[in-house]
Amino acid sequence: MEFELLKTDEHTKARAGKITTSHGVIETPIFMPVGTVGSVKGVHQRELKDDINADIILGNTYHLYLRPQTPILEKAGGLHKFINWDRNILTDSGGYQVYSLAANRKIKEEGVKFKSHIDGSFHFFSPENVMEIERSIGADIMMAFDECTPYPCEYGYAKRSMHLTHRWLDRCIAHLEKVPPKYGYHQSLFPIVQGSVYKDLRTQSAEYIASKNADGNAIGGLSVGEPVEQMYEMTELVCDILPKDKPRYLMGVGTPINILENIALGVDMMDCVMPTRNARNGMLFTAKGIINIKNKKWEDDFSPIDPDGHTYVDTYYTKAYLRHLFAANEFLGKQIASIHNLGFYLWLVREARRQIIAGTFLQWKTKMVANMSNRL
Ligand code: PRF
């Protein structure tokens, strides 16, 4: 993987860059749609590519390991082939899903024993077997196996957990040397900074992660319930320590405003279920603010869903029709809303990039942040 830093903003810490992998170019800052089980919920691969224009999507080791299971993915020739997606894929390691989804789990030095949320069967994740699973999935970017601490988290626990994450990282790195790629292309390992909301721990973790000289680095353990000001404070502190010549990935963030604020602090990559999950509940993000399409006020509004939108659904369908689809609980409503929201998120990061390169990012961001919190 190569990362080229094209421009650093003069008024904020925002960056415009370019990642090149075997599956193509990722222009940063980027938002990565979440495709947990090998499907971005409700959105065809063709729409993701031709309409939303996602350079990279996410898959989850936890889910894919439980279903369809690793041997099927290997037989298919990896996740790219299985789902017919020839652009980039990043896999999360399960270090978050095990804590948020598994029915019960027991964390030890060796790894985590957990109970499947699907059928209650017991499984074990260690840094070693997670690296093997991520090799079998064949993602371009593999996340290290970590522990994401909850919020609030007592200092002593956060410290012990951070050190465990660091030891697990070393085991991931050591084991990867023994397991070559399965499908003939390079896979990058991204280590993850933890440390909860404690500045000294975040500093220590960022320095440790930076010392590994990985292709890219991630920030975990944020957007787990802490006040946004605290998230921004941690992001800024960590970004100031992580190497400038490597991409920085903030995991699981966030609202459109969070996306712009974190870009301004030096983050290059983000992912979140919000655009698709909220779409399924009828929440549409636009440059002018948030629309709850289930609201009665849209009942006879025959204007386009989003006249300024960037996907075909935005001008093809009306608000009244989309509201009707939600009222009737039709699949199509959720699909249209998902395409709209992902299209908006991808437009937002592309426009941010354009503004960074033009030197007008701060002005533009200030205006966008003010507008996007409106309720339409
Ligand atoms: N670790 C991993 N995945 C994650 C997180 C983390 O801390 C987060 C935190 N917001 C989201 N996804 N492995």
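We're numbering straight along the sequence, starting at 1.
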Is a side-chain donor or acceptor of Thr315 paired with a backbone partner of Pro304 at a separation under 3.5 angstrom? no

Polar contact flag, side-chain donor to acceptor under 3.5 angstrom, Asp170-Tyr208: yes

When you measure from the side chain of Arg202 to the backbone N and O of Ser196, does any donor-acceptor pair fall under 3.5 Å? yes

Chi angles and distances behind the side chain to side chain contact (heavy atoms under 4.5 Å, CB included) call for Met372, Thr255: CA-CA 10 Å; Met372 287 190 304; Thr255 66; over 6 Å; no

Do Thr21 and Met1 touch side chain to side chain, with heavy atoms closer than 4.5 Å? yes

Do Leu346 and His310 have side chains that approach each other closer than 4.5 Å (heavy atoms only, starting at C-beta)? no

Verify the ring-centre separation between Phe285 and Phe344: is it less than 6.0 angstrom? no

Connected hydrophobic set around Tyr185, excluding itself, where side chains approach under 4.5 Å: Tyr183

Do Val267 and Cys239 have side-chain heavy atoms sitting under 4.5 Å apart? yes

Joint hydrophobic cluster, Phe122 plus Val98, side-chain heavy atoms closer than 4.5 Å: no

Between Asp268 and Lys246, does at least one N-O distance fall below 4.0 Å, as a salt bridge requires? no

In one Ile/Leu/Val/Met/Phe/Trp/Tyr side-chain cluster, 4.5 Å: Ile357, Leu362: no

Trace of the side chain to side chain contact (heavy atoms under 4.5 Å, CB included) decision for Asp146 with Leu169: CA-CA 7 Å; Asp146 63 330; Leu169 171 60; over 6 Å; no

Hey, is the main chain of Thr311 close enough, under 3.5 Å, to the side chain of Trp347 for a donor-acceptor pair? no

Asn374 side chain to Lys288 backbone, donor-acceptor under 3.5 Å: yes

In Tyr99, Phe145, Phe114, the residue satisfying ring-ring contact (aromatic ring centres under 6.0 Å, His included) with Tyr62 is Phe114

Indicate yes or no for a side-chain donor-acceptor contact from Trp168 to the backbone of His163 under 3.5 Å, with no hydrogens or angles considered. no

Result for side chain to side chain contact (heavy atoms under 4.5 Å, CB included) between Asn88 and one of Leu58, Ile30, Asp140 points to Asp140

Non-hydrogen side-chain atoms of Met283 and Met274 separated by less than 4.5 Å: no

Between Asp200 and Lys159, does any NZ, NE, NH1 or NH2 come within less than 4.0 Å of an OD or OE carboxylate oxygen? no

Side-chain donor/acceptor pairs under 3.5 Å, residues 126-135, sequence neighbours excluded:
residue: Ser126; atom: OG; partner: Glu128; partner atom: N; Å: 3.3
residue: Ser126; atom: OG; partner: Glu128; partner atom: OE1; Å: 3.4
residue: Ser126; atom: OG; partner: Asn129; partner atom: N; Å: 3.1
residue: Glu128; atom: OE1; partner: Arg171; partner atom: NH2; Å: 2.9
residue: Glu128; atom: OE2; partner: Arg171; partner atom: NE; Å: 2.9
residue: Asn129; atom: OD1; partner: Ser126; partner atom: N; Å: 2.8
residue: Asn129; atom: ND2; partner: Phe124; partner atom: O; Å: 2.8
residue: Glu132; atom: OE2; partner: His175; partner atom: NE2; Å: 2.6
residue: Glu134; atom: OE1; partner: Thr91; partner atom: OG1; Å: 2.7
residue: Glu134; atom: OE1; partner: Met143; partner atom: N; Å: 3.2
residue: Arg135; atom: NE; partner: Val179; partner atom: O; Å: 2.7
residue: Arg135; atom: NH1; partner: Gln187; partner atom: OE1; Å: 3.1
residue: Arg135; atom: NH2; partner: Val179; partner atom: O; Å: 3.0

Minimum heavy-atom distance Ser223-Gly252, with the two atoms named: OG-O, 3.6 Å

Which heavy atom of Ile137 sits nearest a heavy atom of Leu64, and at what distance? CD1-CD1, 4.0 Å

Can you tell me if Gln230 has over 12 outside heavy atoms packed within less than 6.0 Å of its CD? yes

Between Trp364 and Glu351, is a side chain to side chain contact (heavy atoms under 4.5 Å, CB included) present by the stated rule, with each step listed? CA-CA 9 Å; Trp364 173 80; Glu351 186 60 20; 3.4 Å; yes

What are the two closest non-hydrogen atoms of Leu90 and Tyr249, and how far apart are they? CD1-CE2, 3.7 Å

Should Phe125 and Ile173 be counted in the same cluster of Ile, Leu, Val, Met, Phe, Trp and Tyr side chains packed under 4.5 Å apart? yes

Report yes if the side chains of Ser373 and Ile257 come closer than 4.5 Å at any heavy-atom pair, otherwise no. yes

Connected via hydrophobic side-chain network under 4.5 Å: Val25 and Phe3: no

More than 12 heavy atoms of other residues, nucleotides or ligands under 6.0 Å from CZ of Phe82: yes or no? no

Is it the case that over 12 heavy atoms from other parts of the model lie below 6.0 angstrom from the NZ atom of Lys113? no

Does Gln69 reach the main-chain N or O of Pro71 with its side chain, forming a donor-acceptor pair under 3.5 Å? no

Quickly, which of Arg248, Lys199, Lys13 forms a salt bridge (Lys or Arg N to Asp or Glu O under 4.0 Å) with Glu236? Name it, please. Lys13

Tell me whether Arg277 at atom CZ has more than 12 heavy atoms from other residues, nucleotides or ligands lying less than 6.0 Å away. no

Under 4.0 Å between a Lys/Arg side-chain N and an Asp/Glu carboxylate O for Arg323 and Asp301? no

Validation row: Thr235, Glu261 side chains within 4.5 angstrom (heavy atoms): no

Would the distance check show the side chain of Asn371 and the main-chain N or O of Met368 forming a donor-acceptor pair, the cut-off being under 3.5 Å? no

Show the nearest heavy-atom pair for residues Gly254 and Ile259, with the distance to one decimal. N-CD1, 3.8 Å

Keeping the roles fixed (side chain from Arg15, backbone from Lys244), state whether a donor-acceptor pair exists under 3.5 Å. yes

Is it the case that Arg87 and Asn53 place a side-chain donor and acceptor less than 3.5 Å from each other? yes

Going by distance alone, is a donor N or O of one side chain under 3.5 Å from an acceptor N or O of the other, for Asn258 and Tyr232? yes

Measuring only between side-chain heavy atoms, which start at C-beta, is Asp215 closer than 4.5 Å to His186? yes

I need the minimum non-hydrogen distance between Leu284 and Ala337, along with the two atoms involved. CD2-CB, 3.6 Å

With a 4.0 Å cut-off on N to O distance, would you call Glu2 and Lys18 a salt bridge? no

Would you call His63 and Gln97 a side-chain contact if the rule is heavy atoms closer than 4.5 Å? yes

Linking I/L/V/M/F/W/Y whenever any side-chain heavy atoms sit under 4.5 Å apart, do Ile83 and Val43 land together? yes

Flag for Glu147-Tyr157: side-chain donor and acceptor within less than 3.5 Å: yes

Compute whether any side-chain donor of one residue and acceptor of the other, for Asp314 and His340, lie under 3.5 angstrom apart. yes

Side chain to side chain contact (heavy atoms under 4.5 Å, CB included), paired with Met251, selected from Val193, Ile192, Ile219: Ile192

Assess whether a salt bridge exists between Asp55 and Arg350, defined as any Lys/Arg side-chain N lying under 4.0 Å from an Asp/Glu carboxylate O. yes

Please evaluate residues Val349 and Met270 with respect to the criterion side chain to side chain contact (heavy atoms under 4.5 Å, CB included), reporting the C-alpha separation (whole Å), side-chain torsions for both, the decisive distance (0.1 Å), and the verdict. CA-CA 10 Å; Val349 294; Met270 279 169 272; 5.8 Å; no

Which pair of heavy atoms, one from Ile118 and one from Ser116, lies closest together, and at what distance? N-OG, 2.9 Å

